[in-house]
Structures are given as C-alpha cells and as structure tokens.
Amino acid sequence: MTHNDPLHVVFLDRATIPSDIPLKPFGFPNTYLEHDRTRPDEVAARIADADVVIVNKVRIDAAALDAAPRLRMIAVAATGTDNVDLAACSERGIVVSNVRGYAGRSVPEHTFALIFALRRNLLAYRDAVGGGRWEQSGQFCFHDYPIRDLGGSTLGIIGDGDLGQSVGRIGAALDMRVVYAEHGVRHAPQAEYLPLEDLLRQSDVITLHVPLRPETQHLIDAPQFALMERRPLLINTARGGLVNEHALDTALRSGRIAGAGFDVASAEPLPEGHVLMRLTELPQFLLTPHIAWASDQAIRALADQVVENVEAFHRGSPLRTVAPRR
C-alpha cells in the first residue's frame, strides 16, 4: 500500500454514537463501512480487509487480529481500551489510539446529578407524589424521607485524574470538604489526601473515578462497606467491576449505606435477573445506562477526536496512542 492508496475504514459499533451526530469526512482517500453492532463471532470477518478499525466496546483479541493482515490502526471511540488486546497489537505493529478529555464536564455533572437526586431523596418524593401522598398529607408539604444538604459534608474521591479533580472542584464550590484516596503519586498536590480506609470512614459521599484493572477489581467489597461509618452515598460512574455488586446489595438493604448511584455495571447491558436490576426496586438506588459520558457536547468532541486520530495516523504522526507501532 502506498501513502495515496485508499484506506479501508470499518466502524464496528456505530450505534454507540447517536445517529444524529456524524463523523466528519476523512481528508484522505478512503472506503468507509459502518455496522451499528458487531457480535463476537462477526468481528474477524468484518475486519479481515480493514486498514483502520474504529471501535467503542466490541472486543478485538489476538485471534481477530490474525484474521486481519492489512490492519494497521485501531481507533478506540472511548478512553478505556480494555476491549482491545494491546500487547497483541504492539507485537503486530498496530497503532491503537483512544480519545481523552472529551467528557470532562459530562461525567462530573452526571456524578452530581446522582448525588443531588439521592441526597435529597428526589426519586422517593416523586413516587410519593405520584401515589397521592401530597393530597393525603393535608398540608403544603410532607417529610417522609430525609433531605440533607451537601455543604459542610465530606466528599471522598477515589481517583485523582482529570475527572476526579473536576468532581472535587464542584464539591469545593458547594462548600464540601473534599478528600482524595492516597495511592502514592498525588496528581492534585494542593488537595487533602487520606488513606483509603480513613476516607471510607469519614466520607458522607464516596465517588469512584479509577480505571478497572486487576488491582482495582472489587475495590469496594464487604470489608470496605463495613468501614463506612457515616452511612454515605456511593457513586460509581467509572467501571462496574470496581464494586462487588452483591456486597452492594447487602449494604443497601441493611442500611450500611444511605444510597447508591451507578451508571455502570459488571455486565452491560444487564442480563435478566442481574443484582443491580433487582436493586432498582429501592428508592435509595439510582441506575442509569452508562450515559454519564454522553452529553451532546461530549459525544461531538469524541467523534471529532476519533477522526483526528485516524487522520494523524494517515499522516504518519499518530496521536493519543496506547499501543505504539514498533
């Protein structure tokens, strides 16, 4: 292939980006094919002739790579790349780029949407009003569920990257005490850090902003719930596997924590009978379908970065690489 030959670009899961948000046309000769969704057994065939693959959540393993001799670049339409075998890509000289910083407002705002809804018991009051409780109360208001201010409370943040720090700034603006979990390198040097155990004991709201890795799998489990002396809210807009969901079920139903707001799950979409679906019967649990990242502005920024990454690769100067060519 010469520099001027058309690149064959294949998008495996275009439906992860709303149809009304287009990808900008590539500024180089190309053939482009997109699939709304791709099953695991379809991956190898669909990338067999591709030079560039765009993917969000479809898994691309070494076996699929072996079936794609022309593949030179994978553009991940997300920050997380755990669905791509990066080691196998590096061995084959395949560039992998991701997108970064696009949800710097969307995820923190969604985090606080969950916090506000739970801290003020909005779901419980909405359901009560719908059930006629207001009319039955005989007065201008009723006080069936506790309502708590955020100002003066402690916000414990596990993960001090860009998203965690953005959440921290919002918390500080709301007059919350903001503390981060100690993990060695401090990315917010002016902030207050605590050992994880102390953060769990002292926080009124705990929010997770770390990647899912072997060392963070079930970072929050029964022993950690047992340390939560202040019956906090637990918020997870990061990855489902960070929390043992069965331990969460026990903590919520026993009153160990006051509530939980999750945007992620260990299996997505949720299979029938999943523990998180059973928890949706509780007013103190709020589950959204992995949309914290998905504001209109964030998705447009993501789509633009994907195109920028592919064009940079075509120029020979890859951007945002997580698996450089050798």
Side-chain angles (χ1 to χ4, degrees), residues 7-26 30-86 88-89 94-100 102-103 106-107 110 211-212 237-241 262-274 276-277 287-310 313 322-323:
L7 264 63
H8 184 43
V9 182
V10 178
F11 197 158
L12 291 179
D13 47 359
R14 177 63 173 83
T16 58
I17 296 177
S19 59
D20 62 334
I21 296 181
L23 289 183
K24 294 178 180 177
F26 297 112
N30 70 91
T31 57
Y32 175 74
L33 178 64
E34 61 184 33
H35 306 277
D36 282 347
R37 298 168 186 82
T38 297
R39 300 193 310 267
D41 61 344
E42 297 174 324
V43 174
R46 289 184 173 181
I47 71 174
D49 298 322
D51 300 297
V52 175
V53 168
I54 303 172
V55 62
N56 190 322
K57 292 293 183 286
V58 174
R59 184 165 297 280
I60 301 180
D61 57 19
L65 296 174
D66 286 340
R70 292 178 46 174
L71 186 60
R72 294 294 175 264
M73 192 233 184
I74 297 174
V76 181
T79 301
T81 57
D82 49 298
N83 57 312
V84 177
D85 189 331
L86 299 181
C89 287
I94 298 170
V95 171
V96 181
S97 293
N98 66 351
V99 294
R100 306 172 191 177
Y102 65 94
S106 186
V107 171
H110 193 91
L212 180 61
T237 56
R239 287 291 185 269
F262 274 48
D263 184 57
V264 289
S266 59
E268 298 173 352
L270 295 180
E272 185 176 357
H274 192 280
L276 293 190
M277 280 303 298
L287 178 64
T288 53
H290 205 142
I291 54 165
W293 64 281
S295 71
D296 184 80
Q297 295 91 333
I299 297 176
R300 291 182 187 278
L302 175 147
D304 288 348
Q305 274 197 39
V306 168
V307 173
E308 183 181 37
N309 286 344
V310 175
F313 165 78
V322 292

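Values below: all heavy atoms of this structure, side chains included; hydrogens, waters and symmetry mates excluded. All values reported here derive from a predicted model rather than from experimental measurement.
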Next on the checklist: Would His8 and Thr31 count as a side chain to side chain contact (heavy atoms under 4.5 Å, CB included) here? Give the steps.
Outcome noted: CA-CA 5 Å; His8 184 43; Thr31 57; 2.8 Å; yes

Checklist entry - Minimum heavy-atom separation for Gly80 to Arg239, with atom names? => result CA-NH2, 3.6 Å

Checklist outcome for this item: Rounding to 0.5 Å, atoms NE2 (His290) and OG1 (Thr237) come to a distance of 9.0 Å

Checklist entry - Say you draw a straight line from NE2 of His35 to CD of Glu42; how long is it, rounded to the nearest 0.5 Å? => result 8.0 Å

Checklist outcome for this item: In short, Cys89 meets Ala323 closest at the heavy-atom pair CB-CB, 4.3 Å

Checklist entry - Quick one: side-chain hydrogen bond (donor to acceptor under 3.5 Å, both in side chains) partners of Arg37, sequence neighbours excluded? => result none

Checklist entry - Would a 4.5 Å heavy-atom cut-off, applied to side chains only, mark Tyr32 and Leu23 as touching? => result yes

Item to check | Results of salt bridge (charged side-chain N to carboxylate O under 4.0 Å, His left out) for Asp66 - residues two or more places apart only | outcome: Arg92

Checklist entry - Do Val58 and Val53 touch side chain to side chain, with heavy atoms closer than 4.5 Å? => result no

Next on the checklist: If the condition is side-chain hydrogen bond (donor to acceptor under 3.5 Å, both in side chains), which residues does Thr288 pass it with, not counting sequence neighbours?
Outcome noted: His110, Asp263

Item to check | 4.5 Å side-chain heavy-atom contact, Trp293 and Ile299 | outcome: yes

Checklist entry - Between Asp13 (side chain) and Asn56 (backbone), is there a donor-acceptor pair under 3.5 Å? => result yes

Checklist entry - Atom CZ in Arg72, atom CG in Asp51: separation rounded to 0.5 Å? => result 8.0 Å

Next on the checklist: Let me confirm one number: the OG1-CG distance from Thr79 to Leu302, rounded to the nearest 0.5 Å.
Outcome noted: 7.5 Å

Next on the checklist: Using the side chain to side chain contact (heavy atoms under 4.5 Å, CB included) criterion, which residues pair with Ala68? Sequence neighbours excluded.
Outcome noted: Ile47, Leu71

Item to check | Evaluation steps, side chain to side chain contact (heavy atoms under 4.5 Å, CB included), between Val76 and Val322 | outcome: CA-CA 10 Å; Val76 181; Val322 292; 5.9 Å; no

Checklist entry - If you look at every heavy atom in Ala78 and Asn98, which pair is closest and at what distance? => result O-CB, 3.2 Å

Checklist entry - Under 4.0 Å between a Lys/Arg side-chain N and an Asp/Glu carboxylate O for Asp304 and Lys24? => result yes

Next on the checklist: As a quick check of understanding, evaluate side chain to side chain contact (heavy atoms under 4.5 Å, CB included) for Phe11 and Val306, giving each step before the final call.
Outcome noted: CA-CA 11 Å; Phe11 197 158; Val306 168; 5.9 Å; no

Checklist entry - Is it true that a side-chain atom of Asp49 and a backbone atom of Arg70 form a donor plus acceptor pair closer than 3.5 Å? => result no

Checklist entry - Ignoring hydrogens and geometry, is there a side-chain-to-backbone donor-acceptor pair from Ser295 to Ala298 under 3.5 Å? => result yes

Item to check | Sidechain-backbone polar pair: Arg14 side chain, Ile17 backbone, donor-acceptor under 3.5 Å | outcome: yes

Next on the checklist: Apply side chain to side chain contact (heavy atoms under 4.5 Å, CB included) to residues Arg59 and Val43 and explain how you reach the verdict.
Outcome noted: CA-CA 8 Å; Arg59 184 165 297 280; Val43 174; over 6 Å; no

Item to check | Closest non-hydrogen atom pair, Pro22 against Ala303 | outcome: O-CB, 4.2 Å

Checklist entry - How would you list, by chain and number, every residue that makes a side-chain hydrogen bond (donor to acceptor under 3.5 Å, both in side chains) with Thr38, sequence neighbours excluded? => result Arg46

Checklist entry - What distance separates His274 NE2 from Ser266 OG, expressed to the nearest 0.5 Å? => result 3.5 Å

Next on the checklist: Please report the interatomic distance CG(Leu65) to CD1(Ile74), rounded to the nearest 0.5 Å.
Outcome noted: 5.5 Å

Item to check | Contact summary for Arg300 and Asp20, nearest pair of heavy atoms | outcome: NH2-O, 4.2 Å

Checklist entry - Which atom names give the shortest non-hydrogen contact between Gly241 and Leu212, and what distance separates them? => result C-CD1, 3.8 Å

Checklist entry - For Asp41, what residues pass the side-chain hydrogen bond (donor to acceptor under 3.5 Å, both in side chains) criterion, not counting sequence neighbours? => result Arg39

